[in-house]
Amino acid sequence: QVPLVESGGGSVQAGGSLRLSCAASGYSFDGYCMGWFRQAPGKEREGVAAIYTLGGSSYPNYADSVKGRFSISQDNGKNTLFLQMNSLKPEDTGMYYCAARPSPCRPAVSPVGYDSWGQGTQVTVSS
């Protein structure tokens with residue numbers, strides 16, 4: 001399993017932006033599927049965005065609810081995954097987790113199959 005540490009969460013007003021980071025010391029994300037997931041109180045964990053990178057090619061995937069607002073990327077040289085969140089809405093509030101699964105894989109936004117998880121970072125969007 002890959003040790004993952006998220007950061008960058010916080011409280012913002014609707015329409016604001018946040019950038020989340022997920023670091024994995026000593027591991028390369030190349031060849032892994034990486035994903036961002038969130039969980040609001042009383043709700044199931046849901047996928048937000050995922051990405052698969054191999055060599056110089058990246059393949060992102062997004063949940064319909066965040067398309068056009070969120071962007072997933074990674075810096076393999078720094079072993080860091082990012083989630084840029086723009087035009088935030090109150091319904092984006094929740095604990096955000098990054099996760100990894102080794103290849104072969106597809107960058108699915110379902111949490112099924114991801115076997116390494118971070119501790120999470122809280123995102124709160126007020127109206």
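Below, all heavy atoms of this structure are taken into account, side chains as well, without hydrogens, waters or symmetry copies. Owing to the predicted nature of the structure, the values given are computational and were not obtained by experimental measurement.
- Using modelled atom types and a 3.5 Å distance limit, the side chains of T53 and S58 yield a donor-acceptor pair.
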In a table with atom names and distances, give each donor-acceptor pair under 3.5 Å that connects a side chain of residues 11-21 to protein atoms at least two apart or in another chain.
residue: S17; atom: OG; partner: N86; partner atom: OD1; Å: 2.9

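- The closest donor-acceptor contact from the side chain of T93 to the backbone of V125 lies under 3.5 Å.
- In terms of modelled atom types and a separation under 3.5 Å, the side chain of R45 and the main chain of Q39 share no donor-acceptor contact.
- Here the side chains of Q119 and L4 are not in contact, with every heavy-atom distance at 4.5 Å or above.
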Are W36 and V109 close enough, and set up right, to give a side-chain contact (heavy atoms from CB on, under 4.5 Å), and what steps lead you there?
CA-CA 8 Å; W36 285 101; V109 291; over 6 Å; no

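- What you find for D115 and R101 is that their closest heavy atoms are OD1-CA, 4.0 Å.
- Considering all non-hydrogen atoms of both residues, S116 and V2 come closest at OG-N, 2.8 Å.
- Side-chain atoms of E6 come within 3.5 Å of backbone N or O of G120 as a donor-acceptor pair.
- Through direct or relayed side-chain contacts under 4.5 Å between Ile, Leu, Val, Met, Phe, Trp and Tyr, V5 connects to no other residue.
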Audit row: R69, M85, side-chain contact (heavy atoms from CB on, under 4.5 Å) steps and yes/no:
CA-CA 6 Å; R69 301 189 297 122; M85 305 186 295; over 6 Å; no

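- Taking a cutoff of 4.0 Å between a charged side-chain nitrogen and a carboxylate oxygen, K89 and D92 do not qualify as a salt bridge.
- Chaining together hydrophobic side chains whose heavy atoms lie under 4.5 Å apart places W117 alongside F37, M95, Y97, Y114.
- Side-chain atoms of S103 do not come within 3.5 Å of backbone N or O of C105 as any donor-acceptor pair.
- Looking at N79, its side chain does come within 3.5 Å of a backbone N or O of Y27 through a donor-acceptor pair.
- Looking at N61, its side chain never comes within 3.5 Å of a backbone N or O of A50 through a donor-acceptor pair.
- The nearest pair of heavy atoms linking S126 to P90 is C-CG, 4.4 Å.
- Between the side chain of T121 and the backbone N or O of S7 there is no donor-acceptor pair closer than 3.5 Å.
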Just do the side-chain contact (heavy atoms from CB on, under 4.5 Å) check on D64 and Y62 with the steps written out, would you?
CA-CA 6 Å; D64 288 343; Y62 298 94; over 6 Å; no

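- What you find for P60 and I72 is that their closest heavy atoms are CB-CG2, 3.9 Å.
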Audit row: F70, L83, side-chain contact (heavy atoms from CB on, under 4.5 Å) steps and yes/no
CA-CA 7 Å; F70 290 11; L83 184 69; 4.2 Å; yes

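- Closest approach of F29 to A24, counting heavy atoms only: CE2-CB, 3.4 Å.
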